[in-house]
Amino acid sequence: MELAPKFTPSEIESKWYQHWIDQQYFHSQVDEREPYTIVIPPPNVTGVLHMGHMLNNTLQDVLIRRARMLGKNACWVPGTDHASIATEAKVVAKLREQGIKKNDLSRDEFLGHAWEWTHKHGGIILQQLRKLGASCDWDRTKFTMDDDMSESVLQVFVDLYRKGLIYRGFRMVNWDPEAKTTVSDEEVIYKEKNGKLFYLRYQIEGEENFVTLATTRPETILGDTAVCYNPNDPRFSHLAGKRVIVPVANRSVPLIADDYVDMEFGTGCLKITPAHDLNDKEIGERHQLEIIDIFNDDATLNEQGLHYQGVDRFECRKLIVKELEALGNLVKVEDYQNKVGTSERTGAVIEPKLSYQWFLKMEHLAQPALKAVMEDQVQLVPEKFKNTYRHWMENVRDWNISRQLWWGHRIPAWFYGEGFDDFVVAMTQAEALELARQKSGNAQLQLQQLHQDEDVLDTWFSSWLWPISVFDGIRNPENPEIKYYYPTNDLVTAPEILFFWVARMIVAGYEYLGEKPFNAVYLTGIVRDKLGRKMSKSLGNSPDPIELIEKYGADGVRMGMLLTSPAGNDLPFDEALCEQGRNFSNKIWNALRLLKGWQVVEGNPSAAAEAGMQWMEQRIYQSLQIIEDHFQKYRISDALMTVYKLIWDDFCSSYLEIVKPNYQEPIDSKTYEQTAILFGELMKILHPFMPFLSEEVWHQLEARTTDLIITPMPVATGFNEEIIAQFDRAQEMVIGVRNIRNKHNVGAREVLHLHVQNNGEKALPEHFLSIVKKLAILSDITPTEVEIEGAQRFMVNTSACYVPLELNVDPEEELQKLTEELKYLQGFLVSVSKKLENERFMAGAPAQVVEMERKKAADAQQKISFIQDQLKRLN
RNA sequence: GAGAUAUUAGCUCAGUUGGUUCAGAGCAUCGCCUUGACAGGGCGGGGGUCACUGGUUCGAGUCCAGUAUAUCUCACCA
């Protein structure tokens with residue numbers, strides 16, 4: 001069957017993927033082999049594939065396929081998480097389109113819609129991963145809200161609560177009024193905004209005097225419960241003990257003194273709103289101030305807002321400024337730039353808000369996790385992230401694990417009374433009832449009197465268990481799967497979630513299994529567009545990965561992603577990278593076409609082919625060593641580049657040209673067979689990177705019953721350096737002749753003659769000279785003891801090579817060339833000699849270095865005398 | 001404001017514990033070749049005062065200090 005001149009990926013990709021699935025090659029179960037495990041960073045169940053996923057999952061697939069071919073029991077566990085905030089936001093938005101408000105629904109009704117949404121959109125992303133070639137064990141696909149996974153989460157909550165590590169607290173949280181939930185400090189993005197600084201004057205109670213203070217948020221004056229100055233500030237010392245009247249509210253509040261106030265800023269006087277500012281809250285606690293909350297959950301003003309009740313906070317700001325002006329309390333307004341916290345999820349301006357939240361004490365839990373990374377039991381790649389990690393873990397704050405949402409794991413706490421402590425934590429309602437009866441001392445307490453907390457747990461509170469819970473290690477820590485697969489080997493994820501997720505998984509690992517969750521964490525770069533912006537849906541600057549795959553082939557896109565993505569470095573994405581990947585596919589495909597086009601006859605290899613085969617084999621071994629080294633250092637893009645050059649430069653450009661028969665002549669059977677074998681070896685090495693193409697070529701090379709995906713990877717056991725060196729020498733000769741052809745416009749049709757003057761160097765073996773003869777298109781290569789006058793010349797090591805040409809050689813030019821070379825070599829020799837004459841160098845440098853310097857000096861010396869001889873003759 | 005990391009060819013990056021006088025790769029670019037696998041090809045070039053300034057050393061892209069710029073993290077004053 002004739003092969004198409006162009007490689008068409010789409011045809012073979014689905015074919016092989018289905019075949020691999022049918023053969024269950026991706027499936028893993030516990031056996032005697034050494035395990036190699038990766039758990040996928042679970043993407044949002046309702047999300048679609050973006051470029052970050054492409055990069056991330058390509059890397060994981062490379063690692064897992066390589067491990068599989070190295071004979072390990074490779075297990076890649078896929079799955080998704082429920083992404084509370086993002087999913088709930090999407091469901092709310094969709095309901096709004098249908099004219100339904102979330103608040104009009106019961107919790108169960110809403111969850112019904114959420115599940116419907118999840119079933120409809122859920123798993124799309126996992127389907128898309130198949131297109132990329134991801135060899136996940138799909139039988140193990142997990143979702144963080146599966147029954148067993150949910151049970152694990154609740155069990156951990158109950159356990160940590162009973163250990164005294166989870167507590168309920170009244171805290172200032174970052175409130176997202178749009179999503180109506182809290183977000184963590186890490187999810188707040190501070191943005192530079194052009195605001196105003198309003199100078200307001202408050203009348204001193206019982207006097208006609210005023211104090212002036214500055215604020216960016218005049219609407220919060222309705223929540224003011226004090227005005228504060230610095231105790232060291234002489235401007236205000238006479239006011240000690242007095243009170244002021246808050247304008248609009250006409251409320252009397254105390255004047256207090258606190259070191260917190262910066263005397264330089266504004267007027268040196270600060271209004272205190274404990275309910276709506278973290279610093280004010282702390283000052284309020286120090287001075288036992290009243291707390292007045294003026295906002296509703298959607299950031300409109302509540303009944304404390306007086307006549308502004310129901311008005312949005314920003315609208316209120318405008319209105320109240322007008323009122324203050326009318327009242328004569330507005331002194332002046334300045335333009336002012338400040339940083340405003342916004343929600344990473346919704347973009348809404350964060351409203352600091354006091355509320356009851358559930359917290360996990362982190363300080364103690366963080367200790368083993370910090371140690372594990374600092375002592376490299378868990379290796380971070382690249383290492384630079386250790387600093388960031390340490391900084392976080394040493395300053396870790398308690399984790400706010402509650403979210404004011406419905407979609408997620410509902411907090412297993414039941415309230416039975418109005419008191420702060422009138423609640424119990426339990427796995428089930430029945431258990432809760434029993435505990436509540438005990439705790440309350442009321443044996444008659446009924447189920448109907450219990451009310452479960454309305455909030456759900458932070459999504460990370462389920463995903464931090466991921467490497468354990470996917471193997472059921474929380475509920476059942478002694479089960480054979482967790483014993484076998486845990487700790488997993490590598491985790492591949494983005495540095496942005498090093499703390500959110502990675503650190504917390506390490507914490508959970510030590511807390512629940514007394515063991516790290518993975519050996520190494522490979523932190524990928526962030527995929528950016530050409531302008532250096534992060535790729536995001538909202539910017540619309542991300543190409544559709546599926547379209548890319550259709551255009552360049554999965555293999556091409558995989559290669560494009562891998563080529564320029566060293567760990568931890570950003571990846572400025574360019575489609576040209578995928579193009580390079582596609583070109584590489586095509587190159588390999590055409591090499592296959594060449595091979596398949598040859599007519600094969602019984603016979604023996606030529607001397608050149610013999611040498612070529614010897615060399616190619618050793619070159620593969622050499623490359624395998626390099627690749628192995630790259631993988632050990634997680635330098636995946638370097639490993640791929642090594643494969644790329646091995647195939648393109650060595651195999652296609654050099655080897656195939658050596659063994660290629662003359663036009664329309666047949667090839668001998670031995671060379672053909674060996675070439676097919678070498679080609680197959682290359683496909684094995686390529687497979688983890690380009691699985692589809694390599695599998696196809698593997699089967700095209702010969703009819704086989706075994707598939708490449710499970711074929712053992714060749715292992716480097718050393719290589720013959722002499723053969724490599726001999727080939728390099730031959731290649732330099734070829735390059736020398738080609739340069740002469742190029743320079744003098746001598747085409748390939750003109751057969752040339754080469755003379756080699758070895759100058760004491762050992763002559764290149766005959767079969768390697770045959771390579772030179774073939775690739776440089778020579779009629780003969782003859783040794784010579786003397787210079788060939790009038791010939792073009794070049795040097796390889798210390799050997800002189802002459803190519804006689806019927807040209808008018810300009811003696812002047814020749815003289816100049818030689819003189820230049822002489823000058824260079826002499827300079828070189830001087831610098832080397834200086835070192836050798838330097839006592840400190842001789843004393844300080846290692847023996848190897850000194851030896852190398854001596855050899856350099858000797859080689860240079862020899863070349864110099866050779867050139868000097870030539871110069872003598874020219875003169 | 002504090003800290004971390006970086007700064008090497010037009011672009012993206014290598015450069016291992018300091019040790020070749022031409023600092024490497026891929027892509028891009030340029031010239032030439034080209035009817036015989038592949039123009040998505042072959043061959044060969046050009047291109048860098050290794051951000052800057054000092055220092056340590058026999059020797060610095062590599063180590064140290066400072067400066068500049070960039071990115072990230074943390075903290076943020078109304």
Side-chain angles (χ1 to χ4, degrees), chain A residues 3 5-7 185-186 190 197-198 213-217 220 228 260-262 264-267 269-273 277-280 336 338-339 341 382 384-388 390-392 395 495-496 498-499 526 530 532 563-566 568-572 574 576-577 579-580 582-598 629 633 635 637-638 641 644-645 648 652-653 656-657 660 662-664 734-735 738-739 741-743 745 747-748 824-825 827-832 834-835 837-846 848-850 852-853 855-856 859-860:
Chain A
L3 290 170
K6 274 187 189 174
F7 174 61
D185 290 347
E186 287 79 9
Y190 286 91
L197 192 57
F198 301 90
L213 51 80
T215 180
T216 52
R217 300 198 60 192
T220 62
C228 187
Y260 170 80
V261 180
D262 179 352
E264 308 297 317
F265 190 88
T267 64
C269 197
L270 176 66
K271 71 187 204 61
I272 306 296
T273 322
D277 184 285
L278 185 57
N279 295 306
D280 289 10
Y336 183 67
N338 63 344
K339 282 182 184 171
K384 65 179 178 185
F385 287 107
K386 271 166 87 171
N387 279 321
T388 318
R390 187 181 59 213
H391 190 259
W392 269 330
N395 299 289
E496 309 157 280
L498 183 57
F499 182 68
I526 296 167
K530 282 181 192 168
L563 264 180
T564 56
S565 59
N569 272 359
D570 284 356
L571 192 160
D574 191 336
L577 297 168
E579 203 177 317
Q580 194 181 347
R582 183 192 57 189
N583 292 352
F584 187 44
S585 307
N586 210 43
K587 183 73 184 175
I588 295 168
W589 186 251
N590 276 292
L592 176 70
R593 282 182 64 213
L594 174 68
L595 198 74
K596 301 295 278 186
W598 285 335
D629 184 55
K633 294 172 181 153
R635 304 176 72 139
S637 55
D638 287 345
M641 187 45 71
Y644 179 81
K645 286 197 273 196
W648 197 308
C652 294
S653 298
L656 287 179
E657 292 302 326
K660 189 195 238 176
N662 289 330
Y663 185 52
Q664 293 196 326
V734 173
I735 289 169
R738 280 175 179 166
N739 277 335
R741 284 182 184 275
N742 233 340
K743 190 176 164 196
N745 258 319
Y824 164 78
L825 281 167
F828 178 73
L829 185 60
V830 167
S831 86
V832 175
K834 266 191 197 158
K835 282 189 204 173
E837 284 157 18
N838 186 318
E839 279 173 39
R840 291 214 243 175
F841 173 76
M842 296 305 281
Q848 266 190 339
V849 174
V850 175
M852 233 159 59
E853 295 296 318
K855 188 174 183 305
K856 282 192 292 190
D859 282 1

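All chains are named by letter (A, B, ...) in the order of the sequence lines, taking the proteins before the strands, and each is independently numbered beginning at 1.
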In whole angstrom, what separates [X]'s [atom1] from [N]'s [atom2]?
X         : N      : atom1 : atom2 : result
Arg738(A) : G44(B) : CZ    : P     : 6 Å
Phe584(A) : G41(B) : CZ    : P     : 13 Å
Leu656(A) : G36(B) : CG    : C1'   : 14 Å
Glu657(A) : G36(B) : CD    : P     : 13 Å
Gln664(A) : U35(B) : CD    : P     : 14 Å
Arg390(A) : C74(B) : CZ    : C1'   : 14 Å
Asn739(A) : G44(B) : CG    : C1'   : 6 Å
Leu278(A) : A78(B) : CG    : P     : 13 Å

Between CG on residue Asn742(A) and CD1 on residue Ile735(A), distance to nearest 0.5 Å: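 Between Asn742(A) CG and Ile735(A) CD1, I get 12.0 Å after rounding to 0.5 Å.
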Pairwise distance CH2(Trp598(A)) to NZ(Lys660(A)) - rounded to 0.5 angstrom: 8.0 Å
Under 4.0 angstrom, heavy atoms only, what part of the nucleic acid is [X] near: base, sugar-phosphate, or nothing?
X         : value
Leu595(A) : nothing
Arg635(A) : sugar-phosphate
Cys652(A) : base
Asn395(A) : nothing

Checking contacts here: which listed nucleotide ([options]) is nearest the side-chain heavy atoms of [X]?
X         : options                : answer
Trp392(A) : C43(B), A37(B), C74(B) : C74(B)
Asn590(A) : A37(B), A78(B), G44(B) : A37(B)
Lys633(A) : U16(B), A78(B), A37(B) : U16(B)
Tyr260(A) : C38(B), C77(B), G45(B) : C77(B)

Can you confirm whether Trp392(A) sits close enough to Leu498(A) that some side-chain heavy atom of one is under 4.5 Å from a side-chain heavy atom of the other? yes
Work out how far the [atom1] atom of [N] is from that of [M], and round it to whole angstrom.
N      : M      : atom1 : result
A68(B) : C52(B) : C1'   : 7 Å
U35(B) : C30(B) : C1'   : 26 Å
C13(B) : G18(B) : C1'   : 22 Å
G61(B) : U53(B) : P     : 13 Å
U8(B)  : G47(B) : C1'   : 13 Å
U62(B) : U56(B) : P     : 15 Å
G15(B) : A9(B)  : P     : 15 Å
G31(B) : A23(B) : P     : 26 Å

Sort me out a list of protein N/O and nucleotides 1-6 of chain B N/O pairs below 3.5 Å, or just none if empty.
{"unit_1": "A4(B)", "atom_1": "O3'", "unit_2": "Asn387(A)", "atom_2": "ND2", "d": "3.1"}

List the atom of [X], the atom of [Y], and the distance in Å for their closest heavy-atom pair.
X         : Y         : answer
Thr273(A) : Thr220(A) : CG2-O, 3.5 Å
Lys271(A) : Arg217(A) : CE-O, 3.8 Å
Met641(A) : Leu563(A) : CE-CD2, 3.4 Å

Please identify each residue that fulfils side chain to side chain contact (heavy atoms under 4.5 Å, CB included) with Thr267(A), with sequence neighbours left out.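 Expected list: Tyr199(A), Thr212(A), Leu213(A), Cys269(A).
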Kindly write out the residues that satisfy side chain to side chain contact (heavy atoms under 4.5 Å, CB included) with Arg635(A), not counting sequence neighbours, or none if the list is empty.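 Side chain to side chain contact (heavy atoms under 4.5 Å, CB included) list for Arg635(A), sorted by chain: His630(A), Lys633(A), Asp638(A).
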With a 4.0 Å cutoff (strictly under), does any side-chain N or O of Lys587(A) reach OP1 or OP2 of G42(B)? yes
Please tell me if Arg582(A) has a side-chain N or O lying less than 4.0 Å from either OP1 or OP2 of C38(B). no
Stems for RNA chain B (at least 3 consecutive Watson-Crick or G-U pairs, under 3.5 Å) come to B:1-7 with B:68-74, B:10-13 with B:24-27, B:29-33 with B:41-45, B:51-55 with B:63-67
Please enumerate all residues that pass side chain to side chain donor-acceptor pair (under 3.5 Å) together with [X], with sequence neighbours excluded.
X         : value
Asn279(A) : Tyr260(A)
Lys386(A) : Asp376(A)
Lys587(A) : none
Ser585(A) : none

Ring pair (Phe, Tyr, Trp, His ring centres under 6.0 Å) against Trp648(A), all qualifying residues, sequence neighbours excluded: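 Trp648(A) satisfies ring pair (Phe, Tyr, Trp, His ring centres under 6.0 Å) with Tyr644(A) once adjacent residues are dropped.
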Please name all residues satisfying salt bridge (Lys or Arg N to Asp or Glu O under 4.0 Å) with Glu579(A), sequence neighbours left out, ordered by chain then number.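 Expected list: none.
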Protein heavy-atom contacts under 4.0 Å, written 5' to 3' over nucleotides 22-33 of chain B as B (base), S (sugar-phosphate only) or - (none), form the string B--SSS---BS-
Which sits closer to the 5' end of RNA chain B, Tyr663(A) or Ala214(A), going by the nucleotide each is nearest to? Tyr663(A)
Contact nearer the 5' end of RNA chain B, comparing Val261(A) with Trp589(A):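 Going by which nucleotide is closer to the 5' end, it is Trp589(A).
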